[in-house]
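Okay, structure first, notes after.
Ligands are counted one by one from 1 in listed order, and the atoms in each one are counted from 1 as well.
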Amino acid sequence: MIVAIDGPAGSGKSTVAKLVAARKGYAFLDTGAMYRTLTLACLENDVDVDRAEAVVAEARKHRVGFERTDYGELHATLDGRDVARKIRTPEVDASVSTVAAIPEIREILVEQQRAFARGHDVVAEGRDVGTVVFPHADVKVYLDADPEVRAHRRAVQAAGGDAAKGNDAGVDEEDEAEALAALKDRDERDSTREVAPLTMAEDATLVDTTNLSLDETVEVICALAGINVLTKNPKLEKHKKQVEARKEKMGRVARALSPELRDKTPYDETLEPMRHFHNTFDDYYDHAMADYPLLTRLLYDLIGWGVFCVTKLVWPWKFEDDDEYFEWLRAQDKGTVVIMNHVSMIEPVVTVTHFWRKGLRLRAIYKEEFNRFTFMHWVFTRIGCIPVSRGTSDLKALRRAQHALERGENILIYPEGTRVKHEGDEVETMGGFALIAQMAKTGVTPMAVVGARKDHRGPTLKRRHSFIGIGRPLAFGSLGVKGRKAQLEAMEAKAMERVWELRDALRREHPGED
Ligand code: DC
């Protein structure tokens, strides 16, 4: 597990991160200490920190590291020499932002920071650990506090006191004013530099420590990391929701990524794990496909192979230029909503099969009317399809699709609703796909098929070749409009437009297929 804590100077990161690490037995990585150590190397060797090449050359001569003291503390080392105290001087304070703004220096240290965490559980703190160093950290926290409070903590620390313990070492207003000026200056430089500026990661949780004690802050972060539960402290009340949201997300991501965890805990704690037999239809709709009983999962693979072999022989199909797309999709922590034109039963079947071959799950949304056929209902359930009652706002189906996307499963929707069997048939598209994507805060992938349409004059089993094209995924943020409603409408229109454009392009590439 990686817990990434970012925030400005004096927000309490180091102290808090150390305590969280100690509580869980995780390694503690103070990335600021590494920038400080290289700054110290420059100061000791009379290297002008404003000359970036000289700083980089100096950095290459030294080894930055950490060693554990007899008291279990991690001290920064420069070429093996303990420099823990030397890196906390006003001289280093004054130069470190300049050193940290040099892109090559950041490259060198970020690489070392990642190496430090490889294979370990780590609590890392700094300015860019949640945004740049560990963008996939399990827990991201952005610690902040009012500048005056941060300056007070820094001034007390510099005078040898400990603000957290109420020992303020006799600092006066003048010391604090000086600390405040230095801190504002450093904040400004750290947040405005070009490379990896101090910003809050989009998926980080903001914890404002202005009115929180050290213990309270540690408690909140430990709760976010799933280490403890929040006590009934009115001051922590507002963090309850954050903790709940984090827990839900961590559960989901962990379950999507780790087969081990998947088998142990149901992703949604309110859901009973599935049994080997006697599950209800709802169980299949609500659970992750990875949580289906073993026999069902085996059946799924069997169906996958069967469909693959039969269709490749009888109705050969081909996905065009899809490598890059699947690489991209695998790197997303949520699934995507796939939409397509609909001309036969071939395309949903082969699309789901193709995703399965790529190691991904694609859950098709289908009309509830099919459930009248018991066998179909049974099979559709086992292969992860989700029924929707058309013409009503079937909130249950929307939520099921939303949760599937949030877990990393993908959703397949045919907005045309019903197969368009003949060219020129009137098409009324349904925009539910955009709503589902918006609810799950994910995007839409337009795809198109040509060649699968059944020729009604010929025999049903006539060999038909299909070609499926994948368009560039659309994100709500890239539509160029603001506001939920406007974005929804833009997505409905644009994504379908892309499907048809893609279909027309495929027709041009494969003349004679429609
Ligand atoms: O957290 P600190 O005060 O020890 O950090 C020292 C300096 O290093 C600070 O000015 C910002 C910089 N820094 C950085 O740029 N990126 C990090 N990940 C950590 C620190």
Do E489 and R484 sit within salt-bridge range, that is, some charged N less than 4.0 Å from a carboxylate O? no
Can a donor-acceptor pair be found between the side chains of D208 and T210 at a distance below 3.5 Å? yes
Quick one: do the H62 and E58 side chains pair a donor with an acceptor below 3.5 Å? yes
State whether a side-chain donor-acceptor pair under 3.5 Å links R154 with Q157. yes
Who are the residue neighbours of ligand 1 when the rule is a heavy atom under 4.0 Å from any of its atoms? K13, T31, G32, Y35, R36, R88, V96, S97, A100, R106, G126, R127, D128, R154, R186, D190, R193
In terms of side-chain geometry, is the basic nitrogen of D203 or K140 positioned less than 4.0 Å from the acidic oxygen of its partner? yes
Passing candidate, salt bridge (Lys or Arg N to Asp or Glu O under 4.0 Å) with D30, options K13, R36, R88, K18: R88
